[in-house]
Amino acid sequence: MAKRFRASIYGGSGFAGAELVRRLLMHPEVELARVCSIDHVGEPLANAHPHLEGVTSLTFEKLAPAEAAADADVVLLGLPHTASIEVVEALLDGNVKVIDMSGAFRVKDLAAYARYYGGAHPRPDLVERFVYGLPELNRAALRGARFVASPGCFATTIELALLPLAKAGLLGATVEVVGITGSSGAGVTPTVTTHHPTRAQNLRTYKPLEHQHVPEIEGALGAVNGRPVTVNFVPVSAPLARGIFVSAFVRVPASHDEASLKRLYTEFYAKEPFVRVPARRLPEVVAVSGSCFAEVGLTVGPVQGDTRLVTVFGALDNLVKGGAGQAIQSMNLMLGLDERLSLEDVGGYP
């Protein structure tokens, strides 16, 4: 049976590209038409993604954006932010939908973009045309959107962990967060800090208080909270291939006890297909690795004065809910499909 829609991937040789390909190949309504890359041109996809051996006859192609988008309903970009901007410019004419997985169009505050991305935005006129692709926040806007900026992996984890508190107006002016990430988040090209011998038995911080996901987190949470939120974020690299685990520290009025806060979270996410609030344990990376599910949970400390400290935890797979899976969730909404298509499988355990 013919599928209703066609998709192309631009920048398909990386880890996010591998997950996009895998999910689209098993999509019941969307045909994967082309996979474009400047690497492995003319080679089978399995040369870069060995788990696809014998699964598809597609090869990597080097095409201009217009060629990649020809006869496609949607183009998914797995590119660095500077390259994404160039491709988006080339696709402005026409009707093809675009999902950008880079940080090029996530940040609405142009001054913050300049600070965290190393210079003024080259196309500030396009930023407002992009919907921020967190379905739990912008589901209605994603339906029918043409341009989507898919959130970063750390940003997704932190926002999902804190959105219920923000919606309830319980986030103060400042939130402290520590986030631990696996090595696949650094991309397919090895570096000194992602090389196995220097990472396999190591923990190290990088970009403390300066990570590029901070402005999108502050923008999303501040808009829901009704007042600005400063996020002091320290990322940590860990000896994992996949996974993100965050701990966020928030002070709330003492009148909010553990039962009421847990109820706040379970009610907020009760109808969300990919966010779980475990009833008898706290979030774990192994419970979500390989899947599009995220987990959130919390513990509540004793009253100190008129407040109490709440520690909120979040976990997800950086390549699925924090990357390609979330992009496909947004794609499904953009195309008027069930957002769960090709994403409902659970990961393995352990």
Side-chain angles (χ1 to χ4, degrees), residues 2-49 52-53 55-106 121-123 125-127 129-131 133 142 144-150 187-189 323-337 341-342:
K3 298 184 179 183
R4 294 166 57 190
F5 301 101
R6 289 166 58 86
S8 292
I9 298 171
Y10 214 89
S13 62
F15 294 139
E19 192 66 36
L20 283 175
V21 170
R22 185 172 80 89
R23 298 280 168 178
L24 288 171
L25 285 175
M26 61 184 182
H27 201 292
E29 297 284 1
V30 180
E31 176 188 359
L32 178 58
R34 302 178 186 89
V35 181
C36 302
S37 175
I38 60 174
D39 301 312
H40 305 283
V41 177
E43 299 177 11
L45 300 190
N47 282 20
H49 309 313
L52 300 179
E53 186 74 41
V55 174
T56 175
S57 61
L58 288 170
T59 61
F60 289 106
E61 301 180 77
K62 186 177 181 180
L63 300 174
E67 295 175 295
D71 300 321
D73 298 283
V74 60
V75 177
L76 300 104
L77 307 182
L79 299 168
H81 70 279
T82 52
S84 279
I85 293 171
E86 295 176 2
V87 174
V88 168
E89 288 177 322
L91 296 179
L92 288 175
D93 295 333
N95 297 312
V96 68
K97 297 180 185 296
V98 178
I99 302 172
D100 179 25
M101 295 171 61
S102 82
F105 299 99
R106 298 171 185 158
H121 201 296
R123 288 300 304 267
D125 56 308
L126 298 180
V127 174
R129 296 180 67 175
F130 278 76
V131 175
L142 287 167
R146 186 178 169 209
F147 297 103
V148 168
S150 204
V188 71
T189 303
Q326 180 148 262
I328 291 174
Q329 188 180 358
S330 290
M331 179 198 74
N332 288 336
L333 289 165
M334 295 165 76
L335 296 175
L337 301 172
L341 292 181
S342 83

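- Heavy-atom minimum distance, Thr59 versus Leu45: C-CD2, 3.9 Å.
- Distance check, rounded to the nearest 0.5 Å: CZ of Arg129 to CZ of Arg146 gives 6.5 Å.
- When the options Ile328, Asp100, Ile99, Val131 are evaluated for a side chain to side chain contact (heavy atoms under 4.5 Å, CB included) with Ser150, the one that passes is Ile99.
- At most 12 heavy atoms of other shown residues, nucleotides or ligands fall within 6.0 angstrom of atom NZ in Lys62.
- Here the closest heavy-atom approach between residue Val148 and residue Gly133 is recorded as CG1-CA, 3.7 Å.
- Across all their heavy atoms, Leu341 and Pro28 have their closest contact at CD2-CG, 3.9 Å.
- Nearest heavy atoms, Lys3 versus Leu24: NZ-O, 4.3 Å.
- Of the possible polar contacts, none joining the His40 side chain to the Glu43 backbone as a donor-acceptor pair under 3.5 Å is found.
- Residue Asp125 places its CG atom among more than 12 non-hydrogen atoms of other residues, nucleotides or ligands, all under 6.0 Å distant.
- In this structure Ser37 satisfies the side chain to side chain contact (heavy atoms under 4.5 Å, CB included) test together with Ser13, Asp39, Phe60, sequence neighbours excluded.
- Among residue pairs with one or both ends in residues 76-105, those qualifying as ring-ring contact (aromatic ring centres under 6.0 Å, His included) are His81-Tyr117, Phe105-His121, Phe105-Phe130; sequence neighbours excluded.
- In Leu92, the CG atom is crowded: over 12 heavy atoms of neighbouring residues, nucleotides or ligands sit closer than 6.0 Å.
- Checked by atom type and distance alone, the side chain of Tyr10 pairs as donor or acceptor with a backbone atom of Leu63 at under 3.5 Å.
- Residues forming a salt bridge (Lys or Arg N to Asp or Glu O under 4.0 Å) with Glu89 (at least two apart in sequence, or on another chain): Arg123.
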